[in-house]
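Notes follow once the structure below has been shown.
Here, residue 1 is the first one in the sequence, and each next residue gets the next number.
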Amino acid sequence: MKKISIISPVFSNVLRIPEVSAELLNFFKDKYNFEVFYYYTDKLKAGVIDDYHFNFIKAKSEHNFNDCVVDGFKRVNGDCVIVADLNDADYLEYLTKLLVEWEAKAQVVLVKKNPSNGFFGKIKNFFAKIG
């Protein structure tokens with residue numbers, strides 16, 4: 001079974017982690033093995049699912065989104081790596097679109113939300129050159 005790795009810097013937005021984790025268990029059930037790396041700064045709330053799929057990494061206060069993504073790429077073991085803000089309301093739709101493209105044999109799948117900012121803004125020129 002193919003394995004999906006998700007890197008999700010949530011920082012202080014930890015309230016939805018239990019709900020999102022339960023939804024991910026249901027979403028990936030019988031389709032893929034998966035792992036999630038949550039990067040957080042605030043205290044985790046009660047109800048966090050204690051399951052081998054979920055890895056909780058305490059980010060330092062000076063870490064930004066890019067730092068978490070780089071660290072996440074060092075930790076992942078999946079056949080496919082997705083960087084996602086799992087606090088977005090449409091994250092399941094986002095994951096579905098990426099996985100459909102990946103299963104269609106795309107080697108690199110990027111979905112732009114705001115390409116001029118953050119990690120994707122820094123790498124957009126690289127992917128434009130190899131595309």
Practice prompt. Please step through side-chain contact (heavy atoms from CB on, under 4.5 Å) for the pair L25 and F34, ending with a clear verdict.
Written response: CA-CA 9 Å; L25 284 170; F34 74 100; 3.8 Å; yes

Reference residue [X]; test side chain to side chain contact (heavy atoms under 4.5 Å, CB included); the match among [options]:
X   : options            : answer
K3  : N33, V81, V76      : N33
F56 : D50, V36, L44, V10 : L44
F37 : V69, V83, I57, I6  : I57

Give a yes or no answer on whether the side chain of [X] reaches the backbone of [Y] with a donor-acceptor pair at less than 3.5 Å.
X   : Y   : value
E35 : N55 : no
K74 : V70 : no
D51 : H53 : yes

Worksheet item: Do the non-hydrogen side-chain atoms of R16 and K45 ever get within less than 4.5 Å of each other?
Response: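 Not in contact.
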
Discussion item. Are I82 and Y94 packed together at the side-chain level, in the sense that at least one heavy-atom pair is separated by less than 4.5 angstrom?
Written reply: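 When only atoms from C-beta onward are counted, Y94 and I82 do touch, with a gap below 4.5 Å.
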
Fill in: Pair S12-V14, side-chain contact (heavy atoms from CB on, under 4.5 Å): steps then yes or no
CA-CA 6 Å; S12 62; V14 297; over 6 Å; no

From [X] [atom1] over to [Y] [atom2], what is the distance, rounded to the nearest 0.5 angstrom?
X    : Y    : atom1 : atom2 : value
D85  : I7   : CG    : CD1   : 13.5 Å
S21  : Y38  : OG    : OH    : 3.0 Å
E103 : E101 : CD    : CD    : 11.0 Å
L15  : D42  : CG    : CG    : 8.5 Å
N13  : L86  : CG    : CG    : 11.5 Å
H63  : D71  : NE2   : CG    : 7.5 Å

Considering all heavy atoms of both residues, which atom of [X] and which atom of [Y] are nearest to each other, and what is their separation?
X   : Y   : value
F11 : N64 : CZ-C, 3.6 Å
A84 : P9  : O-CD, 4.3 Å
A59 : T41 : O-CG2, 3.7 Å
L92 : T96 : O-OG1, 2.8 Å
D79 : K2  : OD2-CA, 3.4 Å

Discussion item. Apply side-chain contact (heavy atoms from CB on, under 4.5 Å) to residues Y39 and K58 and explain how you reach the verdict.
Written reply: CA-CA 6 Å; Y39 286 83; K58 181 82 168 167; over 6 Å; no

Worksheet item: What's the verdict on side-chain contact (heavy atoms from CB on, under 4.5 Å) for I4 and L99, showing C-alpha distance, side-chain angles and the deciding distance?
Response: CA-CA 9 Å; I4 308 301; L99 293 171; 3.6 Å; yes

Worksheet entry | Shared hydrophobic cluster for I49 and L24 (ILVMFWY, side-chain gaps under 4.5 Å) |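 Linked, I49 and L24 end up in one cluster.
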
Item to complete: Ignoring hydrogens and angles, state whether a donor on the side chain of Y91 or S8 is under 3.5 Å from an acceptor on the partner side chain.
Response: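 No, S8 and Y91 have no side-chain donor paired with an acceptor closer than 3.5 Å.
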
